[in-house]
Structures are given as C-alpha cells and as structure tokens.
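What follows is a set of notes on a single structure, which appears directly below.
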Amino acid sequence: MGSESVEEYLEAIYGFNERGELARNHALSEKLKVSPPSVTQMIKRLADEGLVEYEPYKGAYLTGKGMALAQKVVRKHRLIERFLYDFLKLPLEKVHNEACRMEHGVSDEAAVALCKALNSPETGPDDSPIPDCPLDVENCSECEEAREAAGPEHPLTTQLSHLKPGEEGKVAFIRGGRRATQRIMDMGLTPGTYVKMVKAAPFRGPVEVEVRGTNLALGRGLANHVFINVDDEGRPWIRTHPHGPHHGSAPH
Amino acid sequence: MGKSVIFNHLTGLHQHVGNWPGKTVERAEGTLFFGDTEIEVIDLPGIYSLSTYSIEELISREYIAVEQPDVIINVVDASALERNLAFTVQLLELEPRMVVALNQIDVAESKGVIVYTEELSKRLGVPVVPTVAVKGAGLTELMESVVEAAERGERAKSLVYGPEIEEKVDRIASMIEAETPYPRRWVAVKLLEGDEEITTAVYGHQPGLRAEVDDAVASIEEIHSHDISSVIASERYALASAVAHESSSHVVPERGLREALADATTHPVWGYLFMVASILTIFFVIFSFGNWLAGALDGVFAGVEDVYVTALGSGPAATFIWDAVIDGFIGGVVVAIPYIGPFYLVLSVLEDSGYLARVAFLMDSAMHTIGLHGKGFIPVMLGFGCNVPAVLGARIMETERERLICAFVGSLVPCAARSIVIMGLVAAYVGFRWAMLLYLIDFVLIFVLGRIAYRVAPDEPVGLIMEIPGYRIPSLRTTVQRTWFRLRGFVYEAFPIMIAGNFVIQVAAVLGVLGVVEGLMSPVTVGWLGLPSAAGVVLIFGVLRKELTLILLGTLLGGNDFSVFLSPAQMFVFAFVVMVYVPCISTIAALVKEFGYRAAAVISAAEIFTAVLLGGVILRVLLVLGLP
C-alpha cells in the first residue's frame, strides 16, 4: 500500500474524529469505497505503525502521530479546495475530488506558500476548519523565513492535546500570548523537552503529562498552545505495498 | 512545596501575617531565636519564575534585590528536582547570599530519586542542606548553614549560559549605565527577554541601548530559530537539567498503592464517583459536627446570658449592651468555631495529601462554563456549607481576576443558613418541588452571573496549569498549625466587622430608625415584591445571619404557622430574596478582607439589585401561573 492510501485512510478517520466519532470499519469502507476486509487489514497496519488505535466494535481514532500526519494532509486538501473555489472559481461540488487528487503531490513547502497566498484562511469553502500552521511562527509575517528554514518537508507536529496516553514527543514550539507562553515554559515545557501523555480528563478536560520527572496538569486550551514533534525515524509505510483504495467521492 | 512548612517550623508562634504594602499578597514574617542570634524570617510568595507576569514574582525579585536580605533560603523539592532547579538558576542570577534546603528527600527516595547533596552544592556554588520539613528533620543543620553563610557574606554567582548567548549578555551588561538595584548581568538578561519593568527603567535613562539589545535579540533568534524568551527559558532549563542529572540518580520504582490510587482517583468513571462520595462525606461530617457544636455553643451562650441577666438585670441598658455588643461576638463564634475551623482543617488535609490537585483536574472543563478553571471548583463547593470559606478559599486561584470571580460565584451558592430558610418555608409550606425549583433558579443564576463576571472582569482568563504531586500522608503538626493560623486570621479580620455591623443595626433599632427605613423600603418590599411591610426589617436583620430571618419573620407577624399570613407565592419570593439579596455580614467581611471595600460593595450591590429585580419578576410569573 502506498503513502497515498495511508493518507486517504488517515484523512477519512480524521473526518470522523473531527466530529467526535470513532471511525467504524463499515463507515470507512463506504467512504473510501473499499471492501471491509481490506479496511480491517489496513487499520491493523496503521495500528502497528502507531498511527491509529482501534477499539474493537467501536472504531478507530488517530494517535498523536496519526493526527500530525492527518492534519498535514487535511490542511493541504482544504487549502487546495479554497484555492480552486476562490481563485479558479470551480463549483463547490467539484473542488473536493480535484483536491483529493492534488493533495498528495503538493510538498509541505508549497502548501505553506499556498496558505500565505490565500491569506491564511481559517476554513475550507465548505466551512470545515483548516488545521493550524505546523511551523514555528507567531503570525504570517514570519512565514517566508520559517518556510526557508524548514525546507521542502516539514517535521510531524501536532498539538499536545492530541497525544494519546503513553505517547511521547518533543516540544517543538509554543504558540500563544506572551503570558500563556511564559507560564507554560516556567513549568518546564520549553522547546526540545520530552513529554509523555499520562491521561486526558473526559469532556474535553485537562491533560496530565509527564515532563522532567514530574506530572503536570494542563487545561485543554493551554495544551493546544503546545506543539509537539512526533517524528521518529522517517515514514516507514512508504516502502510498503503499492496498491491503494479508490478516492472517496462524498464530500466531507 | 514545603516552603511555608519550613517557615512555620522556624518561627512557630512568633509570626505575623499581613499583606505586602499595597498588594493583596500575603506577607508572613516571624522571628527565630537560634543560639544567641535573633533571626528575622520572611516567607516570600511561592513562585516558579521571576518574570513580571504576576505580582508575587515582582514582589519577590524586588525584595531580594532592594532589601538585600542577609541570606535567602531556596526550598527545592527533591522529588521534582529539575523543575525546582530551574527557579534556583533564576535566583542565582540575582546573586544573593543563598542556601538551598533540599526538601522532601523522603518523597524523592520513594520515587527512586537519590540526590547527592555535595555534588549539587558544588554545581550550584551554594551550600545545600537536606531536609524533611514536615518532620522538622534537617532544620537545625539548615540554620547553622544559614548563619555561616551570612557571616561569610559570599554572594552566589550566576551559572553560565551557552557561549553565543553569554557573549551578548556580557556585551550588554558592560554597556548599562543606569543604576538599578539589580546585578548588571541580570539586567542584561531581562533586557534581552524584554521584561517590561526593566526595559522601561533602563531605556528611560539610556535610550540608545535599545538598538543594541534589539540587534542581539535578532542575532540570537536567528541562531536558535525560536523567539528570545523561549531561548532563555530553554537555557535555564538546560542548566537545571544538567545540574539535576549530574547530582542525582534515578531508578524507576515498582508501581505501588500510591500509583494505583493516583490512577483510580482521576479515572473517567471511578474518579468522579470517588469525588462525589468524598465531597458528600466531608459535607456530612462538617455539618453534623458543626450543627452539634453550634447547638452546644448556643446552649453555653444562653447560660452566659442567664448569668448576665441575673447579674445586671434586664433593663434597657443591659439589654442594649447584650444585643448590640455581645451578640455580635457570639454570632461570630458560632460561625467560626463549628464550621470554619473544621473546614480549614479538611482543606489543609486535602491540599497536603495531593487530592485537591486531582479534583481540580477532574472539574476543569465543568468550571470553564462559568469562566473559571478546575481549581475554582473547590471554593465554590465549600460555599454550600458557608460562603465565608468559599470567599477565603478563592485564594488558591492564580490571578486577582480569577480570585474575584471565584469569590463572587462562591457568595451566590446557597449556604447552610439559606438552606434552612428554603427548607423551613418553601419546602414545608409550598412543597418540596418548589424548594428544588429555588435551588435550580439559583444554579442558573450562578451560571449567568458567572458568565457576566467572566466578561466584565479585566485581563485575560488563564488556563489550568499545575503540578500534580504524588499522594502522601499529611503531617499532623503542619495541618494543625496551618488551620490555627488561618482561623486566627479569619477572627482578626472578620470579627470586628461582624460586631460593628451588629452594633449599628441594634442602635438603629433603638433609635427607631428601622421603622422609618421600613417605610422607605415599602415601595420595593410591598409594592414590587408583594411582601408584608415587616419583611423590610427582617431583610435588614438577615444581613447579620440569614437563618434568623425565618424566626424574626414569625415573631414580627405574630405566629409560627406561616401559612396564616403568607401566601405560597409570597413565601417563594421571600425565600428567593433571602437566598440572593446580599451576602451575609460575615461573607461581606471576608470579601473586604480579600478584595477591599470597593469590590465588596460592588458585589453586594449587584446581588441586591438581582434579588429585587428577579424577585418581582418571579412574583408576577407565579401569579400568572396561578400560584395564590
């Protein structure tokens, strides 16, 4: 299976998780137009690679690492949709399929440039939110510089709140007001620090993380300011089997 | 962790608690006689940093630099060594004479952390003394080291950052001409960080320096590709981390009961069940005990009154002195000892055991709906018992804004006294469901007013961020001592106001002013709220103690069967007004103590306005619904 199909799966699971649902196998099979057994097989693979977790009979959800990858693809997808709709004046019902084909070919660098050119939109043309910029910038004036520094492929980052219990990562940067940033760093969450998720309280409550040998509770809002690098030794699935599912046709 | 415990151990009963001049931050100082030396000890606020983001931090750094204390004791929690050392690194930059108290070494050992004191001392360049404050262990050695450090007079030195930053710091430090009480290197670092206070002070004197600093900042940000405050925070933590690793070893201990308990008490299901059960138990225990003790005290005071009457007779002068002076004092005692004392005791145990942090963790998202974060749940919950501890408990919030919102919400929670009125009047004569409706209305009101306070209060809201300590057994001595100090503080601050308030009202009664006031109030009480005119006086007296409104209303209307002279709608409206109209005088006293007269007046006025406005609306709705 190629990286494209992995990305399609993650994107689809993201779509469910975004609405607060687990991605059930049959729902994924419908959405991606693939047979239920291949979905089962693929979910198992994704779980082996630490991108999703699967609860039997309930469905799959993204790990922090899966989330970082999914955010990257969804961000590209929705930015492209925005471009097709705003600039090329394509009708709304056509932009999804076009974007699905284009998203896998766009480099991370080009996606950031596209974002800047579109004036960093917050939502796609169907009002679905575009995931946050993964670069260490406070605002768009730092865009070119950060793009230059980051190169064509960006590290995998996601907000601390998306890590799953037991998952680890390294603080990439903190994006927020000065006061919030200072409070977070005063408690030891400085760039480069290793963090491990212990647990998250239900009802979008705070998260408990292990950092520098002690446990900290952070409100969900503050945890969203902290971006975590979840990269490890590259992307292992790229070398795997080259077959993939067809592209889904239903809009998000 | 442990700073105040050490302070209390050192000073014992020789201490004085006040506020820092012009600030609502507590300042505790005391005297210690050690050998033949008399040592003045000051408890600085507990903080994690020396930035300008909180008054506590500003107070501490100013005190250290300006007052130049002989020695600073930096209490470092050995069980959270790295995080605590990050603050030590900041303290060293102020170059004071300093001794590190390496506290909680027992807790650290139970977590598998062994700290090598000598190595740590060598790395930091200051003496390090291991202590277990809750047991008083190591404190004599600590004070010996402190006296020695004071005599030697040697100042601490800053640890050195990475060369590319250190070079910039040196350059800027050498260019500073402005005189500040702070060491030059520290000022240079603060200029780089863009510290508001320091930049204003220095650039005001030396505007040319700004360009130099901006250049240095730009070049550091270029090298590290993070903004300057992250870079410097990271430098400090890198130093702390290096020192911690070089001077301690860590083996992961087996999971024990402590860890299992930690998991269970924040579990998404069991955690909440356990919390509800604990809260109900605490309420039940405090209230049963409080009611019993309050009853016993009432009995004692009735006996005292009998003796008083026998001795002085029941002439107008004697009665007046009893009612106007002594009764106010009794009112205070009957609240403070049975309810507030036990509450402080339980709060202290919950704090020290580590459970309070878990409750804050579980309740964070619920509290966000009224604009507070998780820690705010604790004071609000205590409000159900008595609003006074709720207001005082708001201290655990970080900023003035959060403290004020929390106290405001706490003062709206139906306390035990209000429950007595609701149950005794509405539940007994109108129906239990109507009483529940009153509680429901109150919760909605708390939610709505909380939202409004959240919007109008200045400053940005802050999110929850706190350490989650491991569970441990609180020390008896610390618990008792802290409870005693807090209770004493309450008595000193609140009693004078309660006694004075009682005095004023009694004098007004004797002078016949109350009748006039009743007449003046009647457009509101009779016209708008539809109550009998006697309700005016009852509501005025209710400010003293709300549970007395019921008895007083009966006395004034001439009977104990309220159904004879009040319609169900009137009862409902009366109970509603009593519930909301103004915090009782003890709560107002607590508000004044914590937030000053202005805030207390604004909160009281807002609640009176709400009670009157909604009381009349509710009456009309009830009449439309057909309740007689």
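These numbers come from the heavy atoms of this one structure, side chains and all, not from hydrogens, waters or symmetry mates. Here is how names work: the chains are called A, B, and so on, in the same order as the sequence lines, proteins then strands, and each is numbered from 1.
Note that CD of B:E221 and CD of A:E145 are 9.0 Å apart. Values are rounded to the nearest 0.5 Å. Distance check, rounded to the nearest 0.5 Å: CG of A:L222 to NE2 of B:H373 gives 8.5 Å. Once rounded to the nearest 0.5 Å, the distance linking CG of A:N215 with CD of B:E467 reads 9.0 Å. Atom-to-atom distance recorded for A:R183:CZ and B:S49:OG is 11.5 Å, nearest 0.5 angstrom. From B:I47, atom CD1 reaches atom CG of A:D186 across 9.5 Å, with rounding to the nearest 0.5 Å. To the nearest 0.5 angstrom, B:D227 atom CG is 7.5 Å from A:T181 atom OG1.
Chain B forms the most heavy-atom pairs under 4.5 Å with one residue out of A:Q182, A:R204, A:H225, and that residue is A:Q182. Contact tally against chain B (heavy-atom pairs below 4.5 Å) for A:P206, A:G205, A:G219, A:G221: the top residue is A:P206. Ranked by heavy-atom pairs under 4.5 Å with chain A, the first of B:R236, B:H250, B:H224, B:H226 is B:H226. Heavy-atom pairs under 4.5 Å with chain B were tallied for A:P191, A:A201, A:G213; the largest tally goes to A:P191. The most heavy-atom pairs under 4.5 Å with chain B, out of A:G192, A:G177, A:P202, come from A:P202. Between chain A and the options B:H267, B:K111, B:E82, heavy-atom pairs under 4.5 Å are most frequent for B:E82.
The 12-atom threshold is exceeded at NZ of A:K164, counting heavy atoms of other residues, nucleotides or ligands nearer than 6.0 Å. Around NZ of A:K116, the count of heavy atoms belonging to other residues, nucleotides or ligands within 6.0 Å exceeds 12. Residue B:E222 qualifies as open at atom CD: its count of foreign heavy atoms under 6.0 Å is 12 or below.
Taking all atoms of both residues into account, the shortest heavy-atom contact from A:A217 to B:I468 is CB-CD1, 3.6 Å.
A donor-acceptor pair is defined here as one N or O able to donate and one able to accept, closer than 3.5 Å; such a pair exists between the side chain of B:S365 and the backbone of A:F203. Judged by distance alone, the side chain of B:Y237 and the main-chain N or O of A:R212 form no donor-acceptor pair under 3.5 Å. Checking side-chain atoms of A:K199 against main-chain N and O of B:D263 turns up a donor-acceptor pair under 3.5 Å.
The closest side-chain heavy-atom distance from B:L464 to A:R220 is not below 4.5 Å.
Contacts of A:A180 with chain B are absent, with no heavy-atom separation under 4.5 Å from either backbone or side chain. Only the backbone of A:V207 comes within contact range of chain B, with heavy atoms under 4.5 Å apart. With a 4.5 angstrom heavy-atom cutoff, B:F87 does not touch chain A via any of its atoms. Using a 4.5 Å cut-off between heavy atoms, A:A150 does not touch chain B at all. Heavy atoms of A:E208 lying under 4.5 Å from chain B belong to its backbone as well as its side chain. A:L218 touches chain B through backbone and side chain together, each having a heavy atom under 4.5 Å away. Proximity to chain B (any heavy atom under 4.5 Å) is restricted, for A:D136, to the side chain, taken from C-beta onward. Both the backbone and the side chain of B:A80 come within less than 4.5 Å of a heavy atom of chain A. Of the atoms belonging to A:R179, heavy atoms from both backbone and side chain fall under 4.5 Å from chain B.
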